[in-house]
Amino acid sequence: MKEININGAVMKCYPLCSAQKLHYYTVRYSPAQVLCIGTGLYVKQDVDFNLLKKAIYESYKRFDTMRLRFTQDEDGTVYQYIVPNEERDIEFRDFSKWKEDAIKKEMERWTSIPFERFNSPMNKIVMVKMPDGYNGTYMKVDHMTMDSSSIVGFSRAVLETYSIMKYGVKIKQAPVKPFIPQLEKDLAYEADSPARKKDEEYWQSEIAKSEPMYTDFSGQGRLLTQRRENNNPNQRYAMVVSKDPTASIAVYHLEYEASMRLMKFCELNNVSMASLLLMGMRTVLSKFNDNEKDVSLKTCVARRGTLSEKYSGGTRIHFFPLRTIMEPELTFLDGIRMIQTEQSRIFRHANYDPIEYTMKRAQYWKYQPGTSYESISLTYQPLTITKDTPEMPNIPYKSYWYSNGVAAQPLYLTVMHRPEDNGLNFNFEYRVDAVTDKEMEYFYYYLCRVLFRGIEDETRTIGEILEMI
């Protein structure tokens with residue numbers, strides 16, 4: 001902790017944790033708006049916007065990470081601090097006469113405007129009146145202060161607080177833990193603790209096992225082209241960064257009945273949805289790359305195992321490679337269990353700094369910055385704002401994620417449950433110079449084919465599925 005004079009007030013300032021450094025590292029090589037996350041939450045009823053504003057202010061008080069700021073000291077080192085209260089006015093916009101497409105474009109424009117990085121609020125909330133009787137809030141946050149779990153938690157708090165004020169219902173709201181004590185635990189881990197040393201040994205041993213193989217979501221073309229350009233026929237990595245980070249989001253809606261079949265399969269076989277999705281993705285990558293057995297992709301680790309981690313807000317996401325080498329004789333279900341075992345190993349060592357891991361791997365295998373063995377990343381987000389309190393009014397609602405217009409990765413898949421029916425939405429954030437609409441639709445099509453060929457017969461082998469699709 002360091003005390004810094006900020007606009008005449010001496011504030012307690014703390015270093016960045018590794019999850020925040022990951023995002024700060026990203027913004028050094030990408031436009032600043034790459035860290036902007038835009039979301040919308042709209043309920044189908046008339047809303048008392050004065051009351052909603054009070055509910056938002058109350059939620060600001062409870063969630064200290066919504067009052068997080070960043071600053072620099074005289075040496076240029078970045079620190080963070082929390083202001084005691086939030087008094088900004090909350091804007092209101094009436095979109096009730098607008099078309100849906102026009103609203104989406106406007107909110108994507110809002111999301112593409114970066115925050116002032118230092119000594120400035122890192123979120124913005126706008127109360128909005130939508131067409132078709134929907135009303136609610138648009139919210140933009142900086143990824144260094146919030147992740148998807150934090151966003152869902154805050155949005156739920158606003159909705160519950162509004163319902164308490166509006167209807168007088170008695171709701172036991174989810175607890176909110178302070179951010180700084182959890183941050184101090186993270187910083188203590190990173191300060192050369194025994195736990196960190198143990199994790200470093202694990203990741204170093206993983207790096208040294210053997211060199212992975214790059215498998216692209218569009219086939220072997222990218223790797224083969226780079227092998228020719230670099231005059232290196234044995235190259236196993238590929239350049240994945242770009243000078244043009246322009247990006248967009250495409251959403252594919254899996255039907256309710258099909259979604260329930262996937263969930264039932266996970267329940268009956270005691271496997272996670274994330275492991276099932278990862279198995280599907282790695283099988284598609286194998287198919288598209290001449291049935292390659294050695295497949296790697298990036299998996300998101302939320303790191304919210306303890307109550308303090310779960311309820312302290314902030315950003316806690318770390319990304320690590322998930323590498324599997326699967327023989328064609330292995331059954332689809334055994335492949336999922338192999339992934340689940342690998343996931344468990346990653347989770348046990350997931351507090352390690354992912355930037356440090358990436359740099360150590362690059363040094364060991366001697367490849368340049370911007371190259372990788374992974375072409376696609378997955379986040380499975382099981383959290384939704386479900387009505388699990390009987391006293392809560394049963395009000396239909398919609399939720400949206402808006403593109404900020406840029407992306408650091410070529411292809412990033414987030415799978416979420418729809419609020420209307422709990423079915424699955426596949427949200428592809430893609431860099432337009434790396435992925436065509438046809439390639440993305442092709443990947444989603446084959447992903448669904450793999451998943452349903454796999455779950456309809458659990459004794460079916462990977463080789464049989466590769467032949468079938």
Side-chain angles (χ1 to χ4, degrees), residues 4 6-7 9 11 13-41 53 56-57 59-61 63-73 76-93 104-128 137-155 158 179-180 183 245-249 312-317 400-409 412 429:
I4 300 177
I6 301 172
N7 299 325
M11 305 296 296
C13 299
Y14 299 82
L16 303 181
C17 66
S18 59
Q20 292 170 317
K21 290 176 183 176
L22 175 63
H23 298 308
Y24 193 63
Y25 178 83
T26 301
V27 85
R28 288 172 58 190
Y29 301 98
S30 303
Q33 67 263 33
V34 74
L35 297 186
C36 293
I37 304 174
T39 62
L41 177 62
K53 182 182 289 190
I56 294 169
Y57 283 137
S59 299
Y60 268 132
K61 290 178 184 177
F63 285 76
D64 54 6
T65 49
M66 292 292 283
R67 294 180 271 114
L68 201 60
R69 307 281 194 272
F70 298 103
T71 193
Q72 282 182 308
D73 66 5
T77 304
V78 178
Y79 287 85
Q80 58 191 314
Y81 62 98
I82 294 174
V83 297
N85 50 61
E86 198 63 86
E87 298 177 343
R88 289 175 288 143
D89 186 39
I90 298 168
E91 184 183 351
F92 168 78
R93 292 289 300 272
K104 180 184 175 185
K105 288 180 180 178
E106 178 67 0
M107 292 184 176
E108 287 179 345
R109 186 185 69 81
W110 290 354
T111 308
S112 70
I113 301 172
F115 293 103
E116 178 65 40
R117 182 59 39 190
F118 300 116
N119 302 313
S120 176
M122 304 308 290
N123 58 72
K124 178 180 180 179
I125 299 178
V126 181
M127 299 180 296
V128 293
T137 57
Y138 161 88
M139 182 168 70
K140 178 175 70 172
V141 302
D142 187 272
H143 212 344
M144 283 178 65
T145 67
M146 301 281 276
D147 58 23
S148 56
S149 296
S150 304
I151 292 169
V152 170
F154 180 82
S155 299
V158 171
F179 173 68
I180 296 300
L183 174 64
T246 304
S248 187
I249 293 176
S312 59
T315 185
R316 300 196 55 77
I317 290 174
Y400 294 89
W401 294 72
Y402 298 106
S403 172
N404 58 31
V406 297
Q409 304 178 67
Y412 182 3
E429 181 181 51

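Quick note: residue numbers are just sequence positions, from 1.
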Self-check item: Residue pair Q20, L68: steps toward the side-chain contact (heavy atoms from CB on, under 4.5 Å) verdict
Solution: CA-CA 12 Å; Q20 292 170 317; L68 201 60; 4.0 Å; yes
Side-chain heavy atoms of [X] within contact of [Y], under 4.5 Å:
X	Y	result
P31	P245	yes
I56	M127	yes
W401	I151	yes
R117	V78	no
N123	M146	no
C13	Q80	no
I113	K140	yes
K124	E91	yes

Quiz item: Which atom pair, heavy atoms only, marks the closest approach of F179 to G314?
Solution: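 Scanning both residues, the minimum pair turns out to be CE1-CA, 4.2 Å.
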Exercise. Provide the closest heavy-atom pair for T26 versus A408 in the form atom of the first, atom of the second, distance.
Key: CG2-CB, 3.8 Å
What's the spacing between [X] [atom1] and [Y] [atom2] if we round to 0.5 Å?
X	Y	atom1	atom2	answer
I90	Y57	CD1	OH	4.5 Å
S149	I317	OG	CD1	6.5 Å
S403	K105	OG	NZ	13.0 Å
S248	N404	OG	CG	10.0 Å
T39	M139	OG1	CE	4.0 Å
F63	I82	CZ	CD1	13.0 Å

Quiz item: With a 3.5 Å cut-off and no angle check, do the side chains of R93 and Y138 form a donor-acceptor pair?
Solution: no
Quiz prompt | Step-by-step side-chain contact (heavy atoms from CB on, under 4.5 Å) determination, M11 to I4 | solution = CA-CA 5 Å; M11 305 296 296; I4 300 177; 5.8 Å; no
Quiz prompt | Aromatic ring pairing Y60/F154, orientation class (parallel under 30°, perpendicular over 60°, tilted between) | solution =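 Ring orientation, 0 to 90° scale: tilted.
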Could you tell me whether the side chain of [X] and the main chain of [Y] form a donor-acceptor pair under 3.5 Å?
X	Y	result
R67	V83	yes
D147	R316	yes
R69	M122	no

Quiz prompt | Worked check of side-chain contact (heavy atoms from CB on, under 4.5 Å) between L22 and Y25 | solution = CA-CA 5 Å; L22 175 63; Y25 178 83; 5.6 Å; no
Quiz item: Among E86, M66, R88, whose side-chain contact (heavy atoms from CB on, under 4.5 Å) with I125 holds?
Solution: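 It is M66, the one option of E86, M66, R88 that forms the side-chain contact (heavy atoms from CB on, under 4.5 Å) with I125.
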Practice problem: List the steps and the verdict of side-chain contact (heavy atoms from CB on, under 4.5 Å) for Y81 and Y79. | Solution: CA-CA 7 Å; Y81 62 98; Y79 287 85; over 6 Å; no
Quiz item: Is atom CG of N7 surrounded by more than 12 heavy atoms (other residues, nucleotides or ligands) closer than 6.0 Å?
Solution: no
Exercise. Please determine if K53 forms a cation-pi arrangement with F92, meaning its NZ or CZ atom is less than 6.0 Å from the six-membered ring centre and no more than 45° off the ring axis.
Key: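 Relative to the ring axis of F92, which defines the angle, K53 lies outside at least one limit.
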Quiz item: Thinking salt bridges, do E106 and R109 make one under a 4.0 Å N-O criterion?
Solution: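 Counted as a salt bridge, because a side-chain N and a carboxylate O are separated by less than 4.0 Å.
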